[in-house]
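Notes follow the structure.
As the structure is a prediction and not an experimental result, all values here were calculated from the model. Lettering follows sequence order; numbering is per chain, from 1.
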Amino acid sequence: MNLKPVRTRFAPSPTGRMHIGNARSALYPFLLARRTGGTFILRIEDTDQKRYSPTAEAELIEGLGWLGIHHDEGPDIGGPFGPYRQSERRAIYHEYAWKLVDLGHAFPCFCTPARLEKVRQEQMKNKQNPRYDGTCRGLELGEARRRVDAGEKYVIRFRMPKEGSITATDLLRGEIVTDNSALDDSVLLKSDGLPTYHLAAMLDDHLMEITHVIRGSEWLPSMPLHVHIIRAFGWDEPEFVHLSVFLKPSGKGKLSKRDTDQAMKDGYSIFLGDMQDLGYTPEGVLNWIALMGWGVPEDDLLTLDDMIARFDIHHLTPSPAAINFAKLDHFNGAHIRSFRTEDLAARLKPYFLRENLAVDDATLLKIVPLIRERLVTLDDCLPFAAWFFRETVEPKPEELVAKGLTASQSADAARKSLEVLAGLPEITPQTAEPPMRALVERLSLSPNQVFGILRVAVTGQTVSPPLFESMEIVGKEKVLERVTRAIVMLEKM
RNA sequence: GCCCCCAUCGUCUAGUGGACCAGGACGCAGCCCUUUCAAGGCUAAAACUGGAGUUCGAAUCUCCAUGGGGGCACCA
């Protein structure tokens, strides 16, 4: 792999919520930049004032920060190639668009949207390809300038050659040859003075000295146009890499609103903003999205640093990938298991606080090792451990009855257990487990039965962290109190 | 309608003409461990879309078909 420092960029348009597709489009260029000791840039492509969403940019930056994908230059931190927000680069686009006119590669166009729409309808009706009909293409430049100066509304279109073909190269797919006759006189500068993506992105990538353009495959069909624009200026084009799209879990089609709604019902989401609430970690999410479209040999449990060390653009795959939430869960759980106790405790704490539980750090630190390997998402700490932070537990009477025993038999087992536990100086796995096992033996019952009764009595639930470890944390006094109460409940049944 | 891209287990993928009766991971099933739930260990089932060609030899190269995806805006 060529390790010359690259300059890459993530160039989202702030129009909606940040999702895993965006995240991956940021991840790969980031990895390439870090891998080569290069530079990763954030550029905001806000040239569509109709679709602009003021909260989107903040969400984008927040999402990147959460994942640990930090940019070296961007609208929030500046840099030598700014501004990094396209709406602030108006003058540049204007200048270069007219430069292209002067070079003969573009022309001003005065056609009204209404007329163009009519032409398009006509063409569709005649089963022709919808495209610009060339009305202003032959306009004399002096005349065109006069009309512009007179204040007439205009756009600037690229003057696409009528003949010949163009060869564009995608790093993952190789050379793609396109007949120019299949290409259109696309608009470069809109009548509001702002550029279209085609002009803005090519210009900025050149001006910001981007060496590798890594973007979604929805841009593949317009790559020939982009290469035309770049060459019209006399520049060399960067390396292009078009990432495959994410498909819905079934693999049939891309994700729709309906699919994302369904995912949310199942406790999943593709939006970064939701994923944190759902208990996903940046490590898990990153690992998940990184491996959709990147074939990493051997171990696939990767941290960001692992990814940087192994990233190779040639191992990206061009085919679409169906998302698989089960795999997200796997990676999330695996990363959680790898966290140090203090780290995991700190990450879990907000989820307890969210439920208004009185978490104290010392207790939390003791709980973490007990629940660590049981967590798939961070908020799974609640069903396992929320009860530790409540004054009392509320066992269901029927759950106190052990399998295969009656209520009074269960009460009896509980009474005998209470005697054993009460006789201990303190309850720890070391002190309590041997005598309790001996008791089980003496009663000719199974550990499952007796420990089950105690589990429900002490934790209030049938599923919990290991029993004796939990008892140690809760403390002898509360354990005896709760077992006593359970006996009363059983006797009343 | 036209243009472009893609195609290996259910899913993500390894594989760049012989080392492939196709490897890994997730999921699924079974077993082991086990006080619940997990985690962990072991085992199993599971794929080269189809057809022509090139070649001594093809998952790998070519063509066609099929399927899937994307695009054809004064949106990105």
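Using N1 to N3 plus N6-O4 or O6-N4 for Watson-Crick, or N1-O2 and O6-N3 for G-U wobble, each under 3.5 Å, B:rA29 pairs with B:rU43. For B:rC2, the paired nucleotide is B:rG71, the pair qualifying as Watson-Crick or G-U wobble because both relevant distances are below 3.5 Å.
Both tests do not hold together for A:Arg372 against A:Phe339: distance to the six-membered ring centre under 6.0 Å, angle to the ring axis within 45°. Cation-pi geometry between A:Arg215 and A:Phe240 is not met: the NZ or CZ atom fails to fall both under 6.0 Å from the ring centre and inside 45° of the normal.
For A:Ser319 against B:rC6, a side-chain-to-base donor-acceptor contact under 3.5 Å is absent. The base of B:rG27 is not paired with the side chain of A:Asn324 by any donor and acceptor separated by under 3.5 Å.
Between the C1' atom of B:rC74 and the CZ atom of A:Arg51 lies a distance of 13 Å, rounded to the nearest Å. Summarising the geometry, the separation between CG on A:Leu199 and C1' on B:rA76 is reported as 14 Å, rounded to the nearest angstrom. In this structure, CZ of A:Arg215 is placed 17 Å from P of B:rC75, rounded to the nearest angstrom. B:rC26 atom C1' lies 7 Å from atom CZ of A:Phe331, rounded to whole Å. Atom-to-atom, CD of A:Glu117 to P of B:rC72 comes out at 14 Å; the value is rounded to the nearest Å. Rounded to whole Å, the distance from OH on A:Tyr197 to P on B:rC72 is 13 Å. Whole-Å rounding puts the A:Leu247 CG to B:rC5 C1' distance at 13 Å. The interatomic distance linking A:Leu188 (CG) with B:rC75 (P) rounds to 12 Å, in whole Å.
Nucleotides B:rC21 and B:rC42 place their C1' atoms 24 Å apart, quoted to the nearest Å. Remark: the separation of the C1' atoms in B:rG24 and B:rG67 is 27 Å, to the nearest Å. Comparing B:rA39 with B:rG18, their P atoms are spaced 40 Å from each other, to the whole Å.
A:Val155 comes within 4.0 angstrom of a base, heavy atoms only. No contact: A:Gly333 has no heavy atom under 4.0 Å from any strand. A:Asp48 comes within 4.0 angstrom of sugar-phosphate atoms only, judged by non-hydrogen atoms across all strands, and of no base. Residue contacts shown for A:Trp288 are absent, as no nucleic acid heavy atom lies under 4.0 Å away. At a threshold of 4.0 angstrom between heavy atoms, the contacts of A:Ala182 with the nucleic acid are absent. Residue contacts shown for A:Gly253 are limited to sugar-phosphate atoms, with no base heavy atom under 4.0 Å away. Within 4.0 Å (heavy atoms only), A:Lys254 reaches sugar-phosphate atoms of the nucleic acid but no base atom.
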Task: Protein-to-nucleotide contact annotation, 5' to 3' order, nucleotides 30-42 of chain B [B base; S sugar-phosphate only; - none; under 4.0 Å, heavy atom] - done: -----BBBBSS--
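With sequence neighbours excluded, the residues that form a ring pair (Phe, Tyr, Trp, His ring centres under 6.0 Å) with A:Phe352 are A:Phe389.
A salt bridge links A:Lys416 with A:Asp412: the distance from a Lys NZ or Arg NE/NH1/NH2 to an Asp or Glu carboxylate oxygen falls below 4.0 Å. Between A:Arg115 and A:Asp133 there is a salt bridge, since at least one side-chain N of the basic residue sits less than 4.0 Å from a carboxylate O of the acidic one. A salt bridge links A:Asp205 to A:Arg43: at least one charged side-chain nitrogen sits closer than 4.0 Å to a carboxylate oxygen. In this structure, A:Glu57 pairs ionically with A:Arg85, as a charged nitrogen and a carboxylate oxygen lie closer than 4.0 Å. A salt bridge does not link A:Asp380 to A:Arg374: none of the charged nitrogens lies less than 4.0 Å from a carboxylate oxygen.
Of the residues in residues 221-230 of chain A, A:Pro221 come within less than 4.0 Å of RNA chain B through at least one heavy atom, sorted by number.
Contact annotation: A:Thr317 reaches the phosphate of B:rU13 (side-chain N/O to OP1 or OP2, under 4.0 Å).
For the side-chain hydrogen bond (donor to acceptor under 3.5 Å, both in side chains) with A:Asp46, the lone residue among A:Ser87, A:Ser53, A:Ser13 that qualifies is A:Ser87.
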- [ ] For side-chain hydrogen bond (donor to acceptor under 3.5 Å, both in side chains), just list the numbers for A:Asn287 and A:Glu283, CA-CA rounded to whole Å, side-chain angles, deciding distance to a tenth of an Å, and then say yes or no.
- [x] CA-CA 6 Å; A:Asn287 207 148; A:Glu283 288 83 350; over 6 Å; no
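For A:His335 and A:Tyr280, the ring centers sit 6.0 Å or farther from each other.
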